[in-house]
Amino acid sequence: MRKQIAAANWKMNCTFQQGEKLLDDILGAEIGLSAHRFAVFAVPYPYLLMTRSELEEEQNYYAAAQNCHHKKAGAFTGEVSAEMLHSMNINYCVVGHSERREFNAETNAMLADKVNLCLENHITPIFCCGEPLAIREAGTQNDYVATQLKESLFHLPGVTIKNIVIAYEPIWAIGTGKTASTEQAQEIHHYLRSVIAAQYGEAIANEIPILYGGSVKANNAKELFSCPDVDGGLVGGASLVAADFIEIIKALK
Ligand code: 13P
């Protein structure tokens, strides 16, 4: 079975103490995760060590960064490199979230560099793609997301792209309470997998987890995750409420 992942994206929320309590409350539910099921917590940089140590004893629970810089090292005040994350034993990093593409002008080419640096540092990139509302309304979402994959990932050899996690997050569904229907999610996830298969073959395409993000909630996670090509979720708002994220972890296939 492909990896199934419930990934929390806290974004710029929670004080340190609130974050600690949130993790304690979630771990208090004692959801044992078997071989293919994972819970990942993308927290603000200053909380990474706390999160890693909270999760240390737990099987298949991991801390993630929400971003890393696209250059290896140097005079980039305020930035954090993939190598720094690796030196702190951080195993996952969100790359190319639509908020960073929008507010930090991250381009597909820059994201290719981030993906490379993550992989060189043994960090699994959770690579985000997804279309804005105007593209969905024009019906050209497939081409739009395929271009995002091609320009940021398809320079990788097959043996390497297998180590990526993709998160499809339609921008019109993020923080809006408007979720893609299960049909819409399955359709585009299946399409993304077919684009990967055309480039790398079915076997590799079938190994790559594709998460859905955009208003995943406790009451819709099970239905979304039941789609054959939806391998879990990248969750914003609902990951900040322990009881909700517990249900979302439990909803994994
Ligand atoms: P919401 O779950 O709040 O819609 O956010 C989704 C998201 O952006 C996760 O990265």
Side-chain angles (χ1 to χ4, degrees), residues 3-14 18-19 22-23 26 38-45 47-48 51 62-68 90-106 111 114-115 118 123-133 135-136 141 144-145 148-149 152 164-182 184-185 188-189 192 209-225 227 230-252:
K3 271 189 185 177
Q4 304 291 306
I5 304 171
N9 179 6
W10 289 4
K11 308 191 180 185
M12 197 172 74
N13 292 296
C14 293
Q18 288 166 341
L22 181 54
L23 288 171
I26 291 166
F38 293 79
V40 174
F41 296 85
V43 302
Y45 291 133
Y47 306 172
L48 279 170
T51 303
Y62 288 99
Q66 297 177 7
N67 176 44
C68 65
I90 298 303
N91 311 94
Y92 287 88
C93 181
V94 176
V95 171
H97 192 281
S98 58
E99 287 149 18
R100 294 205 56 90
R101 290 175 187 261
E102 182 180 354
F103 305 132
N104 300 77
E106 293 190 350
L111 299 176
K114 293 191 189 211
V115 164
C118 282
I123 293 167
T124 301
I126 301 176
F127 177 80
C128 302
C129 60
E131 78 286 356
L133 184 61
I135 296 288
R136 172 63 67 164
Q141 65 273 9
Y144 188 91
V145 290
Q148 289 179 319
L149 293 201
S152 298
I164 297 245
V165 172
I166 292 171
Y168 167 69
E169 299 203 307
I171 297 170
W172 47 270
I174 295 178
T176 57
K178 202 172 161 187
T179 317
S181 66
T182 44
Q184 285 173 322
I188 197 154
H189 281 227
L192 289 172
I210 307 180
L211 317 184
Y212 169 79
S215 298
V216 175
K217 305 290 176 202
N219 63 9
N220 62 18
K222 189 118 201 153
E223 202 186 342
L224 284 162
F225 299 174
C227 298
V230 177
D231 305 310
L234 181 56
V235 187
S239 75
L240 301 171
V241 179
D244 290 357
F245 198 61
I246 287 167
E247 289 310 309
I248 290 169
I249 299 173
K250 286 182 177 167
L252 288 174

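Every number for a ligand or one of its atoms is a count from 1 in the order of the listing.
- Between the CD1 atom of I210 and the CD1 atom of I5 there is a distance of 11.5 Å, given to the nearest 0.5 Å.
- Side-chain N or O atoms of E247 include none that pairs as donor or acceptor with a backbone N or O of D244 at under 3.5 Å.
- Using 4.0 Å as the threshold, K217 has no heavy atom nearer than that to any atom of ligand 1.
- Polar contact with ligand 1: absent for G214 (N/O pair, distance under 3.5 Å).
- In terms of protein heavy-atom proximity, atom 2 (O) of ligand 1 is closest to G236 N, 2.9 Å.
- For F38, the ring-ring contact (aromatic ring centres under 6.0 Å, His included) criterion is met by no residue, not counting sequence neighbours.
- Less than 4.0 angstrom separates some heavy atom of N9 from each of these atoms of ligand 1: 9 (C), 10 (O).
- The side chain to side chain donor-acceptor pair (under 3.5 Å) contacts involving residues 212-225 comprise T179-N220, where partners must be two or more places apart or lie in separate chains.
- The shell of residues lying under 4.0 angstrom from ligand 1, judged by heavy atoms, includes A173.
- Judged purely by distance below 3.5 Å, without hydrogens or angles, the side chains of W10 and Q66 never pair a donor atom with an acceptor atom.
- Under the 30°/60° scheme for interplanar angles, the aromatic rings of Y92 and Y62 are found to be tilted.
- Here the heavy atom of the protein found nearest to atom 9 (C) of ligand 1 is E169 OE2, 2.9 Å.
- Set against the non-hydrogen atoms of S215, the atoms of ligand 1 under 4.0 Å away are 1 (P), 2 (O), 4 (O).
- The distance criterion of under 3.5 Å between nitrogen or oxygen atoms is met by G175 with respect to ligand 1.
- Below 3.5 Å of separation, one finds no N or O of T176 facing any N or O of ligand 1.
- For atom 3 (O) of ligand 1, the nearest protein heavy atom (residue, atom name, distance) is G237 N, 2.8 Å.
- In this structure, C128 SG and L211 CG are separated by 8.5 Å, a value rounded to the nearest 0.5 Å.
- Numbered from 1 in the order shown, with element, the atoms of ligand 1 that lie under 4.0 Å from a heavy atom of L234 read 9 (C), 10 (O).
- Taking 4.0 Å as the cut-off between side-chain N and carboxylate O, E106 and R101 do not count as a salt-bridged pair.
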